[in-house]
Amino acid sequence: MRSFIVAGNWKMNKTLEEGVALVRDVLARFDQPPPGPVVFAVPFPFLQAIGALVRERPGFYLAAQNCHHEEKGAYTGEVSADMLVSVGAQYVIVGHSERRQYFRESHEQLAKKVDLALSRGLTPIFCCGEPLSVRERGNHVPYVARQLRASLFHLPEADLSRLVIAYEPVWAIGTGKTATAAQAQEMHAALRSLLARRYSPEVAQAIPILYGGSCNAQNAPDLFQQPDVDGGLIGGASLKAEEFAAIIRAMRR
Ligand code: PEP
């Protein structure tokens, strides 16, 4: 049975002090391990400090929000997959729409990031999703399928099965406009059947597909009830302990 996962993407928010207080507050709300992995995707400078807090707590994990697509070298200001591993990260977000849009990350670069992350034992949380214009034309499924084909389908089955996918419609990110549960389910089911055709039904069934885009404590239970929605990648709502804890409690299993 695939994992149910809730991951909080802090983006470029919080100071170290605020971030530590937030994680302490979330952890204090759970006596027992959560029903599935809970991942904090924090800014690079906070990785070690937040890692030290979650290391002691079963079920809670550390993620980076990005890594460079080359192993190492003269890339001033960049962070490598090895560096992430060396500070204790277990997951890394790859291909968030803000990285695709503002940093022009290409399908090819994302494929390299996925390869590198997997080769270092990191679990990539691979983001995909369509802009509003594409959805309005009704081309959302082929558009997202192309993102998967271009950056993931070179992987052998054993590697692909170590991924987490996050479907995040661009028009829903940070806008307060959530996909309906039916819209999320339609896309997740389409992606799962694409994976089944390219790989195998077993692999398709085993890969967690998270929903992201203005997910909050109110809409999470409905989204998480969908059979192909295996949790959420949460932006704004992960910055408030009470709200993030409520989303964690909405996990199905
Ligand atoms: C995100 O950035 O991954 C995200 C889903 O953001 P928000 O929840 O704020 O829409």
Side-chain angles (χ1 to χ4, degrees), residues 5-31 33-34 36-73 75-103 105 113 116-117 120-127 164 166 168 173-174 210 212-217 220 231-249:
I5 300 172
V6 168
N9 174 16
W10 293 4
K11 314 192 187 194
M12 197 172 72
N13 290 297
K14 304 280 179 198
T15 62
L16 176 59
E17 198 181 2
E18 290 165 350
V20 166
L22 171 60
V23 172
R24 281 195 207 283
D25 193 346
V26 172
L27 294 177
R29 292 166 192 268
F30 293 89
D31 299 333
V38 172
V39 182
F40 293 98
V42 307
F44 293 135
F46 307 171
L47 281 167
Q48 250 186 308
I50 305 299
L53 295 177
V54 302
R55 197 167 303 129
E56 308 302 321
R57 295 293 303 267
F60 292 90
Y61 298 90
L62 182 67
Q65 298 170 14
N66 180 34
C67 70
H68 198 262
H69 58 275
E70 297 293 347
E71 271 182 44
K72 61 178 172 182
Y75 300 100
T76 302
E78 291 295 327
V79 172
S80 73
D82 280 331
M83 292 173 192
L84 300 183
V85 172
S86 74
V87 293
Q90 293 113 343
Y91 292 79
V92 59
I93 297 176
V94 173
H96 191 281
S97 66
E98 288 151 16
R99 304 265 350 148
R100 292 177 189 258
Q101 187 182 344
Y102 305 138
F103 301 92
E105 293 191 351
K113 287 181 194 221
L116 206 48
R120 301 309 197 262
L122 290 163
T123 300
I125 301 175
F126 180 82
C127 299
V164 173
E168 301 205 299
I173 296 180
L210 316 185
S214 299
C215 185
N216 57 35
L233 180 55
I234 318 296
S238 72
L239 298 171
K240 291 166 252 160
E242 191 178 352
E243 177 119 26
F244 193 50
I247 295 170
I248 295 168
R249 286 198 201 93

Just so I know, are the side chains of [X] and [Y] near enough to count as touching, which here means a heavy-atom distance under 4.5 Å?
X      : Y      : answer
Asn66  : Val79  : no
Ile5   : Ile125 : no
Phe46  : Lys14  : yes
Leu116 : Cys67  : no
Pro45  : Leu16  : no
Thr123 : Gln90  : no
Val6   : Pro34  : no
Arg120 : Glu71  : yes

Rounded to the nearest 0.5 Å, how far does [atom2] of [Y] lie from [atom1] of [X]?
X      : Y      : atom1 : atom2 : result
Leu62  : Gln48  : CG    : CD    : 10.0 Å
Leu233 : Ser238 : CG    : OG    : 8.5 Å
Ile93  : Leu122 : CD1   : CG    : 12.5 Å
Leu27  : Arg29  : CG    : CZ    : 11.0 Å
Arg249 : Phe30  : CZ    : CZ    : 4.5 Å
Ile247 : Ile234 : CD1   : CD1   : 4.5 Å

Restricting to non-hydrogen atoms, name the atom on [X] and the atom on [Y] that form the minimum distance, rounded to 0.1 Å.
X      : Y      : result
Ser214 : Gly174 : OG-N, 3.8 Å
Pro58  : Glu56  : CD-O, 3.5 Å
Pro37  : Tyr91  : CB-OH, 3.9 Å
Leu84  : Leu47  : CD2-CD1, 3.7 Å
Ala117 : Val92  : CB-CG1, 3.7 Å

With side-chain contact (heavy atoms from CB on, under 4.5 Å) as the test, would you mind laying out the steps for Tyr61 and Val54 before giving the verdict?
-> CA-CA 6 Å; Tyr61 298 90; Val54 302; 5.8 Å; no

Evaluate side-chain contact (heavy atoms from CB on, under 4.5 Å) for Val42 paired with Val23, printing each intermediate quantity in order.
-> CA-CA 10 Å; Val42 307; Val23 172; 5.5 Å; no

Counterpart residues, ring pair (Phe, Tyr, Trp, His ring centres under 6.0 Å), relative to Phe40 (two or more places apart) | Phe244

Only counting residues at least two apart or in another chain, list the ones meeting ring pair (Phe, Tyr, Trp, His ring centres under 6.0 Å) with His69.
-> none

Counterpart residues, side-chain hydrogen bond (donor to acceptor under 3.5 Å, both in side chains), relative to Glu105 (two or more places apart) =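 Here the qualifying residues are Arg99, Lys113.
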
Verdict with supporting geometry, His96 and Glu168, side-chain contact (heavy atoms from CB on, under 4.5 Å) = CA-CA 8 Å; His96 191 281; Glu168 301 205 299; 3.4 Å; yes

Taking the side chain from Gln65 and the backbone from Ala41, do they hold a donor-acceptor pair closer than 3.5 Å?
->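 Here the side-chain-to-backbone pair exists.
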
